[in-house]
Protein chains: 2
Amino acid sequence: MSAMRDRWQSSGVLLTVDLVILTLREDRLRVLLVERGNEPYQGAFALPGGFLRDRSEGILAAAARELSEEAGLDAGTLHLEQLAVYGDPGRDPRGRVVSVAHLAVAPRLPEPVAGTDAADARWIPVDHVLDESTPLAFDHLKIVIDGVERARAKLESTALATAFCGQTFTLSELQRVYEVVWDTRLDARNFYRKVQGVRGFVMPAGPIRKTEGGRPARLFRAGPTTVLYPPLVRPDRTAQGEDR
Amino acid sequence: MSAMRDRWQSSGVLLTVDLVILTLREDRLRVLLVERGNEPYQGAFALPGGFLRDRSEGILAAAARELSEEAGLDAGTLHLEQLAVYGDPGRDPRGRVVSVAHLAVAPRLPEPVAGTDAADARWIPVDHVLDESTPLAFDHLKIVIDGVERARAKLESTALATAFCGQTFTLSELQRVYEVVWDTRLDARNFYRKVQGVRGFVMPAGPIRKTEGGRPARLFRAGPTTVLYPPLVRPDRTAQGEDR
DNA sequence: GGCACTTCTTGTCGATCTGACAAGAAGGTA
DNA sequence: TACCTTCTTGTCAGATCGACAAGAAGTGCC
């Protein structure tokens, strides 16, 4: 009963925020990791993040602050959303630490800014993390897995892909986002048709053009739509040989 | 840098779990709410939930415990997943309380069990909550909105709908789930074809039949698939009169 | 039993969408 | 100019979708 809900207990825990910051660099999906300088897990890579500054700091605000402090990125200019909470007892050997993980998606970026807290941050290919050739501290592998899956899923139904691109982009750049994040290949001509068929997904950005080899491509910018209809469904990886 | 991450601060907060428990009763989508007996928000409805029991209790475990204590439901038999964290400073007038909201989906249920903590729990139609004719305590309206939207979205791409049904069900029962949760109407014949076209979504459950008026329907049970491919896309509510 | 009524299930049909592919357009470079 | 690259517009057959007809299999009523 309500008495239970209101039993005022001192179940205080330490709250942190962790960040899965994804971007595309050199045609690979990468995640920003920092090398730990202290025990536990000294020398291992970990997600950027940290404790709430004080009791009055909001959780999303803390994530934005860490984004700035540890990665040198401005939360105002990129996609940032809550991912999930990780609070198993024992996930941190130092005590009961509950972490609110966030997913950030950044467009092509300058190198992690030296001279800041982000100096020892590195953009590690996501597949190096997923195949565990780059071991992560704490339960951060699980967090990265969840973050990547979230990104893959949201590519289908939302305009998240545009967050990987700059202010303006060509459709083949957008296609590369889908191909790299989904780890699949798409037909450029069908992609072209499909993307332009989704109302409000992309809007022509002037007659400006830019080039890098072949015929110059038209530029687009993100449209007003956040929910894609119809969605761009990723090809079924488990298509053949399925039981009934 | 890592020194920042490891600064050991006493940012302790009080951690609670809250539950958005959805079910279908009398052809309406309903959420389980409890009337608050204490200040603040005395007399208002609130989501079931409560503080972690102690520092060693896992978050999902706490949600399962509250599910049992406050709703008389067994977490082993129904769908339970983490929804999101709500931790804005000021959301609870008593102090810095961070709540991990969970989404539970229950099949047709007996009345809230009298004589337990769940005695004053009531199944309130979700639309009464969404249109604010039933005001909720704290930021629980926001949590219900997010929970319902999560359920609506997961109906498209996962087998969540089967969690609203019993062990076995007819396809028209399953269709009612989609219609009520999405607040839309579907053509029974097309639904029939589509559902059976998704590999592993539903499996025939013996030649058993059951009836209630017309021709007896075949019984099905949930299949092994959790991810629907192809997805069941909900009809576009913003279809016509859209700009380009 | 015969008939009306209900709901379930199988089909049909045209419009639309999808995936595979051809071919032209518009630049760069040798 | 010839060739290469990439972008963009089409084409076409097969799959899918939404709307709908019609038969199947029960119940209840006379």
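A note on names: the letters A, B, ... follow the listed sequences, proteins ahead of strands, and every chain is numbered from 1.
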task: Under the side-chain contact (heavy atoms from CB on, under 4.5 Å) rule, collect the residues that match up with B:N190, sequence neighbours excluded.
output: B:D187, B:R193
A:F138 side, atom CZ; A:I143 side, atom CD1 - distance, nearest 0.5 Å: 10.0 Å
field: Spacing of CZ belonging to A:F201 relative to OG1 belonging to A:T225, to within rounding of 0.5 Å
entry: 9.5 Å
message: Once rounded to the nearest 0.5 Å, what's the spacing between atom CG of A:L228 and atom OG1 of A:T158?
response: 6.0 Å
B:Y178 ring center within less than 6.0 Å of B:F191 ring center: yes
- prompt: Atom CG of B:N190 and atom C1' of C:dG14: how far apart are they, to the nearest Å?
  reply: 13 Å
task: Return the residues of residues 213-223 of chain A meeting this criterion: a heavy atom under 4.0 Å from some atom of DNA chain D. Order them by number, or give none.
output: A:G214, A:R215, A:P216, A:A217, A:R218
query: Below 4.0 angstrom, N of the basic side chain to O of the carboxylate: do B:R176 and B:E179 qualify?
result: yes
task: Walking along DNA chain D from 5' to 3', note the first and the last nucleotide with an atom under 4.0 Å from a heavy atom of chain A, and give both.
output: D:dT5 to D:dG10
message: Distance check, rounded to the nearest 0.5 Å: A:Y86 atom OH versus A:K142 atom NZ?
response: 6.0 Å
message: Run the side-chain hydrogen bond (donor to acceptor under 3.5 Å, both in side chains) test against B:E149 and tell me which residues pass, sequence neighbours left out.
response: B:R234
task: Name every residue in residues 169-189 of chain A that has at least one heavy atom under 4.0 Å from any atom of DNA chain D, in order of residue number, or write none if there are no such residues.
output: A:S172, A:R189
- request: Keeping to residues at least two apart or across chains, list the side chain to side chain donor-acceptor pair (under 3.5 Å) pairs with something in residues 161-170 of chain B.
  value: B:T170-B:S172
field: Integer-rounded Å distance: C:dA25 P and A:Y192 OH
entry: 15 Å
Interatomic distance, A:R234 CZ vs C:dT18 C1' [rounded to whole Å]: 19 Å
task: Mind calculating the distance between CZ (A:R193) and P (C:dC21) to the nearest angstrom?
output: 14 Å
- request: Could you tell me whether B:R152 and B:E156 make a salt bridge, using a distance below 4.0 angstrom between a side-chain N and a carboxylate O?
  value: no
